[in-house]
Protein chains: 2
Amino acid sequence: MATASNAGTTAPPSAPKGRGRRGTRASGDDRERAILETAERLLEERPLAEISVDDLAKGAGISRPTFYFYFPSKDAVVLTIIDRLVADAAEGREEILTTLAENGPRAGLRKSLENLYAAFRSRPGVVRAGSDLRPTNEEARDLWGAVMESWVADVTAVIEFERSRGAAPAGPPAREMAIALVQMNERAQYATLLGEAPSLDRDRVLDVLIDIWLRAIYGTPEPG
Amino acid sequence: MATASNAGTTAPPSAPKGRGRRGTRASGDDRERAILETAERLLEERPLAEISVDDLAKGAGISRPTFYFYFPSKDAVVLTIIDRLVADAAEGREEILTTLAENGPRAGLRKSLENLYAAFRSRPGVVRAGSDLRPTNEEARDLWGAVMESWVADVTAVIEFERSRGAAPAGPPAREMAIALVQMNERAQYATLLGEAPSLDRDRVLDVLIDIWLRAIYGTPEPG
DNA sequence: GAACTCTATCAACACTGTGTTGAGAAGGTC
DNA sequence: GACCTTCTCAACACAGTGTTGATAGAGTTC
């Protein structure tokens, strides 16, 4: 939900202005796809900073100037890929409030988060590229900000609902708590995904995060 | 504590190998200081990516090749600055276990964290530069990893102590919880410092973070 | 005070990467 | 066959990094 996206799955029929190819529809769709595929492949091999426009062009079997016919910059390619990844993640997402009601707090949260992170876990290189892009690219910042915002909104709703039905005690404003918890998840998941210095083991992250969420929201690790 | 650092406060007498100037001691100390000061100033004005070696050289009143006499690269300048910032932050830090014992959990935590973040809050540009550097610079990653690690170690000790004296209930391994909590703080503080998309207000961050810490560690926002 | 040494300085160069220009080829249409 | 439109790339112009080599000056040393 939320979030902009000018990227259908592969061939959008309407106006592809902004990031995509600059002309209109045509057969060179293959080239465009080749560039995107090359980028995805290379990103799982090495960081964005070590991939040049020339690498992408070569990988797609075209010259560098021709690359610029399809994309205005290297960043645009990565943003397109991230757009799609985010769309994939959003697609696999279910109504968290429903999941929680059906499975109870602990199992429900677990299911929701597992679901949410599934798409990201399968393409760490793309996630890293998105993160690397933020310092220099405002569009990347905005895109990720919108993603975070939609999660925060969901979590805020959950906290408010649980409080209203008496399952969770009062505490700091729900939105503030939601922001901090979502930020913790982002940071922890990212660190684990990339195997950073101090980080949680891949098979422990979720358990630990969920425990903290439950204690923070319900005051106990085993609510209801 | 912990953490490497080849930077005294201004003029280290011993071997300055690694980052600093490459020769030995001499009067060109002024130049070196001028470069560092220029970098600190410019970093509060614009992001690292928009500052060139030439900008630093010009700001210090020297030519670009001369810059390379003092520092091997732009990154080295920033790393030196960060080294010092981290040292400043470590200096103002008190034994957290003591602070907690003297002030009680809530007030003690607050005091410790306020103390810890004071140095960072005064130089957001430097913090941002450090963060921007991580994707491309391993030394920056390692440096920050070491800082995180020392905080994690402290927090782990606190959690274990509180559990051992019966003030905190059992839960996930102390170190795992400490990692997640420290990561949350890092992310939340950074987002607030830079005014990111969804982030907590400057005057609310600590309250919210502390509340989550207390609930996560003690099971209640107002422990004994 | 000439020979020597070490710090400090920079013009000129070599290189890597980005993005642009302008001239076409290849195909479809009327 | 004149005429768009898509697509392609050699050649260029730039911005930035890091290196070379020559040299100025200050400080010993004898």
Side-chain angles (χ1 to χ4, degrees), chain A residues 11-13 15-36 38-39 42-43 46-79 129 132-133 135-137 139, chain B residues 11-13 15-17 19-36 38-39 42-43 46-79 129 132-133 135-137 139-140:
Chain A
K17 69 169 172 175
R19 280 206 271 292
R21 172 152 32 72
R22 50 185 201 241
T24 17
R25 80 234 65 102
S27 87
D29 260 359
D30 305 338
R31 302 297 197 197
E32 190 172 332
R33 212 169 328 112
I35 292 171
L36 290 168
T38 303
L42 293 182
L43 281 176
R46 50 183 198 267
L48 181 58
E50 283 165 33
I51 298 171
S52 69
V53 169
D54 207 39
D55 293 333
L56 297 181
K58 286 260 171 55
I62 56 179
S63 71
R64 213 162 51 77
T66 300
F67 166 93
Y68 287 103
F69 179 79
Y70 293 99
F71 291 94
S73 68
K74 186 172 73 174
D75 285 9
V77 175
V78 177
L79 281 168
D132 289 357
L133 216 49
T136 50
N137 187 299
E139 208 172 343
Chain B
K17 69 168 173 178
R19 278 207 272 292
R21 172 151 32 73
R22 50 185 200 242
T24 17
R25 81 236 65 101
S27 86
D29 259 359
D30 305 338
R31 302 299 197 194
E32 191 172 330
R33 210 168 331 113
I35 292 171
L36 290 168
T38 302
L42 293 182
L43 281 176
R46 49 182 198 265
L48 181 58
E50 285 165 32
I51 298 171
S52 70
V53 170
D54 206 39
D55 293 334
L56 297 181
K58 287 262 171 55
I62 56 179
S63 71
R64 212 162 51 76
T66 300
F67 166 93
Y68 287 103
F69 179 78
Y70 293 100
F71 291 94
S73 69
K74 187 172 73 175
D75 285 9
V77 175
V78 177
L79 282 167
D132 290 357
L133 216 49
T136 51
N137 188 298
E139 207 172 342

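Predicted model, so just to flag it, every value in this text is computed and none were measured. Chain A is the first sequence line, chain B the second, and so forth, proteins listed ahead of strands; every chain is numbered from 1.
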Check whether A:Lys74 reaches the backbone of A:Leu56 with its side chain - one donor and one acceptor, N or O, closer than 3.5 Å.
no
Would you mind reading off the distance between A:Tyr70 atom OH and D:dT6 atom P, rounded to a whole angstrom?
11 Å
Phosphate-side-chain proximity, A:Thr66 and D:dT8, N/O vs OP1/OP2 below 4.0 Å
no
Rounded to whole Å, please give me the gap between CZ in A:Phe67 and P in D:dT6.
20 Å
Rounded to whole Å, please give me the gap between CD in B:Glu32 and P in C:dT7.
14 Å
Using a strict 4.0 Å threshold on nitrogen-to-oxygen distance, state whether B:Asp55 and B:Lys58 make a salt bridge.
no
So how far is it from A:Asp132 CG to B:Thr136 OG1, rounded to the nearest 0.5 Å?
8.0 Å
Tell me the interatomic distance from B:Arg31, atom CZ, to C:dT7, atom C1', rounded to whole angstroms.
12 Å
Atom CD of A:Glu50 and atom P of C:dG17: how far apart are they, to the nearest Å?
11 Å
Can you tell me how far P of D:dA24 sits from CZ of B:Phe69, to the nearest Å?
18 Å
Roughly how far apart are A:Ile35 CD1 and A:Phe69 CZ, rounded to 0.5 Å?
10.5 Å
What pairs of nitrogen or oxygen atoms, one from the protein and one from nucleotides 15-19 of chain D, lie under 3.5 Å apart?
{"residue": "D:dT17", "atom": "OP1", "partner": "B:Val53", "partner atom": "N", "Å": "3.4"}
{"residue": "D:dT17", "atom": "OP2", "partner": "B:Val53", "partner atom": "N", "Å": "3.3"}
{"residue": "D:dT17", "atom": "O4", "partner": "B:Arg64", "partner atom": "NH2", "Å": "3.3"}
{"residue": "D:dG18", "atom": "OP2", "partner": "B:Tyr68", "partner atom": "OH", "Å": "3.1"}
{"residue": "D:dG18", "atom": "N7", "partner": "B:Arg64", "partner atom": "NH1", "Å": "2.6"}
{"residue": "D:dG18", "atom": "N7", "partner": "B:Arg64", "partner atom": "NH2", "Å": "3.4"}
{"residue": "D:dG18", "atom": "O6", "partner": "B:Arg64", "partner atom": "NH2", "Å": "2.5"}

As an exercise, state the distance from CG of A:Leu79 to CG of A:Leu133, rounded to the nearest 0.5 Å.
5.5 Å
Starting from C1' on D:dT8, measure out to CG on A:Asp30 and report it in whole angstrom.
15 Å
Side-chain contact test, heavy atoms from C-beta onward, threshold under 4.5 Å: evaluate it for A:Tyr68 versus A:Val53 and give yes or no.
yes
Measure the distance from CD1 on B:Ile35 to P on C:dA8 and round it to the nearest whole Å.
11 Å
